[in-house]
2 protein chains.
Amino acid sequence: MTSVKSRSLRKDAELNRQRLLAAADDLFAKYGLDVTLNDIAHHAGVGVGTAYRRFANKQQVIDALFEQRLDEVAATADEALADPDAWRGFAMFLERSLQMQMEDRGLTEILNNPQLGQHRVNEARDRLAPLVSSIVDRAKEAGVLRSDFDSTDAIFIQVALAAVMDKTRGISPVLYRRYLMMFLDGVRADKATLSELPVPSLSVDQTHRSMAPDQPRRFDSSP
Amino acid sequence: MTSVKSRSLRKDAELNRQRLLAAADDLFAKYGLDVTLNDIAHHAGVGVGTAYRRFANKQQVIDALFEQRLDEVAATADEALADPDAWRGFAMFLERSLQMQMEDRGLTEILNNPQLGQHRVNEARDRLAPLVSSIVDRAKEAGVLRSDFDSTDAIFIQVALAAVMDKTRGISPVLYRRYLMMFLDGVRADKATLSELPVPSLSVDQTHRSMAPDQPRRFDSSP
DNA sequence: CAAGAAGCGGATAGACAGTATCCGCTTCCC
DNA sequence: GGGAAGCGGATACTGTCTATCCGCTTCTTG
């Protein structure tokens, strides 16, 4: 790792920096966060060296791009809270944030993997959690969302639907909405029958931990 | 690639073959299908050479192991169809097949990726599809499952819940049942309000194609 | 407009992971 | 007892990604 100067760049250099960020944004959205810095450089039409001179590694590019994205998700949450109809707010938040994930594969990865990104992004992520909580709590208090629903459930719903999205992005990019709707029908409080849930929800902390990437494998021997 | 003799093995060799299959079964269940043949050999307590002498590649091991697994899923589907209560059959099939996926990570991967496995496994997979269809159709005809539900929806539900399972296997291996229950509450026909679904379901063929693994990336240049 | 500073490109070194082979030695079985 | 069958695992290969280096180009400023 080298680079990351801080004082103002030469004009052409600044332009290339912008190109790199734009290319990264594009590629992250289309292919997810595991594109390489080399990929990004080529997509931006600059040499690999330029990319590494400007960003020490992918983390920094991610941080430079996704703080804003997460802020947008947070803004959507605020908007949901501002809706006088608690149910509409709840449903709208899920819809919008999933749509954002549909349009940006990288966003899903950032949301699902706390390992990615540095402080800026992590801060933004932390700002988001209590908003989701408020949206859920308000809907429960208003009696429109089943009372055994927990704010961590909202996270796992997104995990579940993001998986569907991932499979169908090429064929029917909006198919996830179908299952979101079925799911919403299952959590609305004004239903005739709501089954007792067989398993308690996870705590916020457990949820956070469960989002961590696969733990490394351990193979023992013996037949 | 070498190996794959067909005529009866020496006694010790046959024993090692069994050890290898047992080890593979173990590892596939715990870690998924991307363990290597080397991993499997070590876990079986035999040398790598032995593994490659017996199986040309991982595909063959997979084929040797998963035909039976898929047959078990099919058996569960049969059992579901045998249940006089169409709803219970439907719910039971989802529960059981998800539980099987919970206990065997490799099974999820086989079901979700038609690329994996060879003819034996593919055959078994094809045998499964019409059973799922019958389960769904019967429940719809009985008026217990919402009429806009399609058999392909059952597949995507499993994709969705398998994703949750994957995140929580380490923390609360049964959490997916919570969301399955919410989901079931959303597709049961005896509800006060069922929303109109915003998106049509995929055809069987589209569904199959959507399960294929990520298409390779294409990076163009230009800023 | 000259010259030094800043920036550039991209071949390539290095790290790592997975696949598969080879061959000297061991075990089985008639 | 001897030859066929089997074994182990070091190792060569391949592919992927990360990151650097250095000769050349472009900007900038006096």
Side-chain angles (χ1 to χ4, degrees), chain A residues 1-21 23-24 27-28 31-62 109 115-116 213-219 221-223, chain B residues 1-21 23-24 27-28 31-62 106 109 115-116 213-214 216-219 221-223:
Chain A
M1 299 189 188
T2 324
S3 46
V4 187
K5 336 276 178 154
S6 34
R7 278 315 80 206
S8 62
L9 297 167
R10 221 167 69 177
K11 201 158 45 185
D12 55 342
E14 180 56 31
L15 176 63
N16 281 336
R17 201 189 116 93
Q18 294 311 327
R19 279 191 182 135
L20 281 165
L21 285 173
L27 257 27
F28 284 159
Y31 305 106
L33 298 177
D34 57 356
V35 298
T36 71
L37 220 36
N38 288 23
D39 293 332
I40 294 171
H42 291 135
H43 192 67
V46 307
V48 195
T50 302
Y52 278 96
R53 201 168 310 104
R54 220 46 70 204
F55 304 96
N57 51 50
K58 219 165 51 183
Q59 289 287 317
Q60 295 204 351
V61 186
I62 291 172
E109 291 175 30
Q115 230 82 344
L116 296 169
D214 331 293
Q215 16 343 41
R217 296 172 193 139
R218 295 282 276 323
F219 303 115
S221 47
S222 80
Chain B
M1 298 190 187
T2 322
S3 46
V4 186
K5 337 275 181 158
S6 34
R7 280 315 81 204
S8 61
L9 297 167
R10 222 168 69 177
K11 200 159 44 185
D12 54 342
E14 180 57 31
L15 176 63
N16 281 337
R17 201 189 115 93
Q18 296 309 329
R19 279 190 182 136
L20 282 165
L21 285 174
L27 257 27
F28 284 158
Y31 306 106
L33 298 178
D34 58 354
V35 298
T36 71
L37 221 38
N38 287 24
D39 293 332
I40 294 171
H42 290 134
H43 191 67
V46 308
V48 194
T50 302
Y52 278 95
R53 202 168 309 104
R54 221 43 71 203
F55 304 96
N57 50 50
K58 220 166 50 183
Q59 290 286 316
Q60 295 205 350
V61 186
I62 290 174
E109 291 175 29
Q115 230 80 346
L116 296 169
D214 330 295
R217 295 170 195 142
R218 297 283 276 325
F219 302 116
S221 48
S222 80

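Naming: A, B, ... by sequence-line order, numbering from 1 per chain.
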(request) Could you point out which residue of A:L33, A:V61, A:I40 forms a side chain to side chain contact (heavy atoms under 4.5 Å, CB included) with A:L27? (result) A:I40
(request) Sugar-phosphate means primed atoms, P, OP1 and OP2; the rest is base. With that split, encode nucleotides 24-30 of chain C 5' to 3' as B, S or - using protein heavy atoms under 4.0 Å. (result) ---BSS-
(request) Take atom CZ of B:R19 and atom P of D:dG6, then tell me their distance rounded to the nearest Å. (result) 15 Å
(request) Could you state the atom-to-atom distance from CD of B:E14 to P of D:dC7 in whole Å? (result) 10 Å
(message) Measure CD1/A:I40 against C1'/C:dG9 and give the value in whole Å, please.
(response) 17 Å
(request) For residues A:H43 and A:L20, determine if any side-chain heavy atom of one lies less than 4.5 Å from a side-chain heavy atom of the other. (result) no
(message) Just so I know, are the side chains of B:R17 and B:T50 near enough to count as touching, which here means a heavy-atom distance under 4.5 Å?
(response) no
(message) Please give me the minimum heavy-atom distance between A:A41 and A:G47, naming the atom from each residue.
(response) CB-O, 3.6 Å
(request) Between protein and nucleotides 10-16 of chain C, map the contacts as a letter string: B base, S sugar-phosphate only, - none, heavy atoms under 4.0 Å, written 5' to 3'. (result) B------
(request) Please report the closest heavy-atom contact between B:D34 and B:E109, naming both atoms and the distance. (result) N-OE1, 4.2 Å
(request) Heavy atoms only: give me the nearest B:Q60-B:F55 pair and the separation to one decimal. (result) OE1-CA, 4.0 Å
(message) According to side-chain hydrogen bond (donor to acceptor under 3.5 Å, both in side chains), who are the partners of A:N38, at least two apart in sequence or on a separate chain?
(response) none
(request) Identify which one of B:K11, B:Q18, B:R10 satisfies the side chain to side chain contact (heavy atoms under 4.5 Å, CB included) criterion when paired with B:E14. (result) B:Q18
(message) Looking at C:dC8, I'd like to know if its phosphate oxygens (OP1 or OP2) sit under 4.0 Å from a side-chain N or O belonging to A:N16.
(response) yes
(message) By nearest atom, which of the nucleotides D:dC17, D:dC7, C:dC8 is closest to the B:R54 side chain?
(response) D:dC7
(message) Whole angstroms only, please: what is the CG-P distance between B:L37 and C:dT21?
(response) 11 Å
(message) Donor-acceptor pair, distance only, cut-off 3.5 Å: does the side chain of B:N16 make one with the backbone of B:R19?
(response) no
(request) Rounded to the nearest angstrom, tell me the gap between atom CG in B:N57 and atom C1' in C:dT21. (result) 15 Å
(request) Starting from P on D:dA5, measure out to CZ on B:R17 and report it in whole angstrom. (result) 18 Å
(message) Tell me the interatomic distance from A:L15, atom CG, to D:dT26, atom P, rounded to whole angstroms.
(response) 15 Å
